[in-house]
Amino acid sequence: MISDTNATLLAKLGFAARGVVYILVGWFAVDAALRGGEVADNQGAIGSMANESFGPVLLAIIAAGLLGYAVWRLTEAAANPERIGSDVKSSLKRIGHLVSGIAHVVLAWTAAKLAMNAGSRDGAVSPGDESARDWTALLLDQPAGRVLVGAVAIGILVAAFQQAQKAWRGNFIKDLRGDAPLPGYVCTVGRIGYGARALVFLIVAGLFGLAAWSAHASDAGGVADALQMLQAQPGGKWLLVLTGIGLALFGAYSLVEARFRRIHVDLPGTN
């Protein structure tokens, strides 16, 4: 059975894996804006590693890290290890941990599948967007389906607000250990990164809101669709460049978190 210590190390590896993924997403966005490449979502960024040298090894490491990160988020949601309270704000935070955990389980599974089938994919694709439309269609087929999709839109909107709040306040820096002084620009990097994420999440929330309003699953979308929408606006080339840089900076800050963030995973039944 995996120990709390090993789970904590995997969670830290997860921050590093998340950092690599967001740096790639940002790179693809900038490349699309400046050289006409293709934007990619998180799954597409992971898929881009499949054909690289040592691709299976890299993907296996990414999968392990993302799974460790997912386990940490899910234990936060279930066991409330940070003792964040029971009010509405804290409940929303725990729901956010749950959603993040599930999302990273999906990413870890994607990386694991690619590690076992390296070489079977090429280019930067965005399977996450297609998956979003598929399960949006599934929700719309349920009773009160439009309400369900609307609830998803609201949830993503709340996540966008939380990201924007972090960007504005910069209080996320308190999660880093204080025993190793960091340059002041580290917080600036994180704020820009969270701001870019907030913008992308806001657009994705709008896409799901549109799908709920029109009852058409094809109107839903994910990260790549949001980036493409930015590119289609007046001055979209530079909007996409700036957003891509912001997402890459979020990835860079995640690498800092992998090294300096205070974190401990308390697995159920191990104490």
Side-chain angles (χ1 to χ4, degrees), residues 1-28 40-52 54-79 81 94-121 124-132 134-135 152 155-156 159 193 197 200-201 204 222-224 247-248 250-259 261 263-270:
M1 179 181 294
I2 187 171
S3 67
D4 287 355
T5 300
N6 289 336
T8 298
L9 291 175
L10 281 177
K12 287 182 173 292
L13 179 60
F15 276 103
R18 186 182 71 170
V20 171
V21 170
Y22 268 93
I23 288 172
L24 286 173
V25 171
W27 165 257
F28 282 123
D41 60 11
N42 294 22
Q43 292 187 42
I46 291 172
S48 70
M49 303 180 198
N51 295 327
E52 300 299 324
F54 305 106
V57 175
L58 290 172
L59 288 166
I61 294 172
I62 292 290
L66 291 173
L67 182 60
Y69 185 90
V71 169
W72 172 54
R73 283 307 196 191
L74 291 173
T75 57
E76 280 191 315
R94 294 178 71 182
I95 291 172
H97 292 332
L98 175 63
V99 173
S100 177
I102 293 172
H104 283 84
V105 167
V106 173
L107 288 176
W109 174 241
T110 299
K113 286 194 300 181
L114 288 168
M116 293 183 288
N117 299 282
S120 62
R121 294 182 55 175
V125 294
S126 301
D129 290 356
E130 291 302 321
S131 297
D134 288 342
W135 59 258
V152 171
I156 299 173
R197 275 188 108 201
V200 172
F201 284 9
V204 173
V223 172
L247 293 175
F250 178 79
Y253 183 74
S254 293
L255 296 180
V256 174
E257 288 185 290
R259 174 65 178 85
R261 183 172 174 126
I263 180 175
H264 181 70
V265 181
D266 292 316
L267 294 175
T270 58

Residues Gln43, Val106; criterion side chain to side chain contact (heavy atoms under 4.5 Å, CB included); working and verdict:
CA-CA 9 Å; Gln43 292 187 42; Val106 173; 3.8 Å; yes

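Between atom CG of residue Leu59 and atom CE of residue Met116 there is a gap of 10.5 Å, rounded to the nearest 0.5 Å. Summarising the geometry, atom CZ belonging to Arg73 is positioned 5.0 Å from atom OG belonging to Ser100; distances are rounded to the nearest 0.5 Å. In this structure, the separation between CG on Asn42 and OH on Tyr22 is 4.5 Å, given to the nearest 0.5 Å.
Heavy atoms only, all atoms of each residue included: Ala115 and Ala60 are closest at CB-N, 3.9 Å. Nearest approach of Val223 to Ala40, heavy atoms of both residues: CG1-O, 4.5 Å. Between Ala70 and Gly101 the shortest heavy-atom distance is CB-O, 3.4 Å. What you find for Leu24 and Ala45 is that their closest heavy atoms are CD1-O, 3.6 Å. Closest approach of Ala112 and Ala63 over heavy atoms only: N-CB, 3.7 Å. Of all non-hydrogen atoms in Leu255 and Ile23, the two that sit nearest each other are CD1-CD1, 4.0 Å.
Proximity of Ile61 to Leu13: side-chain heavy atoms (C-beta onward) are separated by under 4.5 Å at one or more points. Residues Val152 and Trp135 have side chains in contact (heavy-atom distance under 4.5 Å, counting atoms from C-beta outward).
Each of Ile46, Ile62, Leu58 was checked for a side chain to side chain contact (heavy atoms under 4.5 Å, CB included) with Leu114, and the lone residue meeting it is Ile46.
The backbone N or O of Gly68 lies less than 3.5 Å from no partner atom in the side chain of Lys12, so there is not a single donor-acceptor pair.
By the 30° and 60° cut-offs, the orientation of the rings of Phe15 relative to Tyr69 is perpendicular.
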